[in-house]
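Heads up, the thing below is written out as structure tokens.
Numbers here are sequence positions counted from 1.
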Amino acid sequence: VPHAWASVLSLQVAVAIAKECNTLLKNKKVQVKWPNDVYLADRKLGGVLIEAPAGGESWVIGIGLNVNNRISEVIPGRSHPVSLAEEAGTPLDRAALLHELLKQIVALWNRGTVTATAPYDWEDICMLTGREIDIDTPHRTIRGTCRGIDATGRLLLQTPQKTDQSTRMQAFACLLY
């Protein structure tokens, strides 16, 4: 997989995770916050980090997922995470969940869908589409309405100053909150 595909691969893996979590939780609306965070009911469930070791042809896909965490153990004043066990109402078998997640990710390769094209079903799982959001860049904050992503995984942001145009943000170039 070429290095230029990293942000799209991150989206594809995050969508696969969200789908598996939706299956596990019987469609409780697990969604992806561009570019790589997984949320349930506006509470962070996990995320994806993809790196390629220097000079290597391989990729490391890191997945952080709150499985059996207890919210009472979260530091007050921080983000409001959620765990799969909390939503399922019972502790979960992490090994079984890992097995199912890996099957979803391997299916991306087996279907030949690991390409430079964003996931075809992104719109179904994007939590930001239609929301007013702020993007912090090194030079300024850009406010606008999220209109989804384009085929290469860039965020489409409609700004009030340019109602007929969208700003395209690449995952590595901005911070979204």
Side-chain angles (χ1 to χ4, degrees), residues 1-51 59 61-66 74 77-84 86-87 101 104-105 107-108 111 113-177:
V1 177
H3 291 277
W5 295 4
S7 62
V8 172
L9 180 58
S10 179
L11 288 169
Q12 291 173 336
V13 171
V15 167
I17 292 167
K19 285 180 178 180
E20 184 57 37
C21 291
N22 276 326
T23 299
L24 178 71
L25 297 175
K26 302 191 181 6
N27 296 311
K28 284 199 174 188
K29 198 70 172 166
V30 175
Q31 295 180 297
V32 176
K33 179 181 173 188
W34 180 88
N36 58 359
D37 290 330
V38 180
Y39 275 74
L40 174 61
D42 289 332
R43 296 171 67 196
K44 190 167 182 178
L45 185 59
V48 177
L49 177 64
I50 297 182
E51 292 187 7
W59 290 81
I61 301 174
I63 299 171
L65 194 59
N66 297 329
V74 174
R78 298 279 177 122
S79 65
H80 300 285
V82 65
S83 73
L84 290 171
E86 176 185 19
E87 288 298 314
L101 288 174
Q104 287 281 342
I105 294 166
L108 291 171
R111 286 191 307 261
T113 56
V114 175
T115 64
T117 304
Y120 70 90
D121 48 0
W122 170 258
E123 294 301 322
D124 297 336
I125 218 149
C126 177
M127 75 177 274
L128 296 177
T129 300
R131 288 187 181 189
E132 179 120 345
I133 58 174
D134 291 332
I135 307 269
D136 287 336
T137 71
H139 306 290
R140 64 187 175 120
T141 297
I142 303 170
R143 175 168 280 231
T145 303
C146 177
R147 296 295 180 210
I149 60 171
D150 69 9
T152 62
R154 294 180 299 183
L155 184 74
L156 299 175
L157 185 69
Q158 184 177 11
T159 58
Q161 301 88 346
K162 299 178 182 178
T163 55
D164 59 333
Q165 293 184 331
S166 293
T167 301
R168 297 176 192 273
M169 308 297 286
Q170 291 187 356
F172 62 85
C174 66
L175 172 66
L176 178 65
Y177 35 95

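Across every non-hydrogen atom of V30 and C21, the tightest pair is CG2-CB, 3.8 Å. Here the closest heavy-atom approach between residue A14 and residue V32 is recorded as O-CG2, 3.5 Å. Of all heavy-atom pairs between A18 and I125, the closest is CB-CD1, 3.5 Å. Across every non-hydrogen atom of L40 and K29, the tightest pair is CD1-O, 3.7 Å.
For the pair W34 (side chain) and G153 (backbone), a donor-acceptor distance under 3.5 Å is present.
In this view, E86 and R43, I71, V82, S83 satisfy the side-chain contact (heavy atoms from CB on, under 4.5 Å) rule, not counting sequence neighbours. Judged as a salt bridge (charged side-chain N to carboxylate O under 4.0 Å, His left out), and not counting sequence neighbours, the contacts of E132 are R143. Evaluation of the salt bridge (charged side-chain N to carboxylate O under 4.0 Å, His left out) rule for K28 yields E87 as partners, not counting sequence neighbours. Considering only residues two or more places apart in sequence or on other chains, C126 meets the side-chain contact (heavy atoms from CB on, under 4.5 Å) condition with W122, L128, T129. Take R131 and apply the side chain to side chain donor-acceptor pair (under 3.5 Å) test, not counting sequence neighbours, and it matches D42.
Of the inter-residue distances, the one linking L101 atom CG with L65 atom CG reads 6.5 Å to the nearest 0.5 angstrom. For the atom pair CD1 (I133) and OG1 (T141), the distance works out to 12.0 Å, reported to the nearest 0.5 Å.
By the 6.0 Å contact criterion, CD on E51 is open, its count of non-hydrogen atoms from other residues, nucleotides or ligands being 12 or less.
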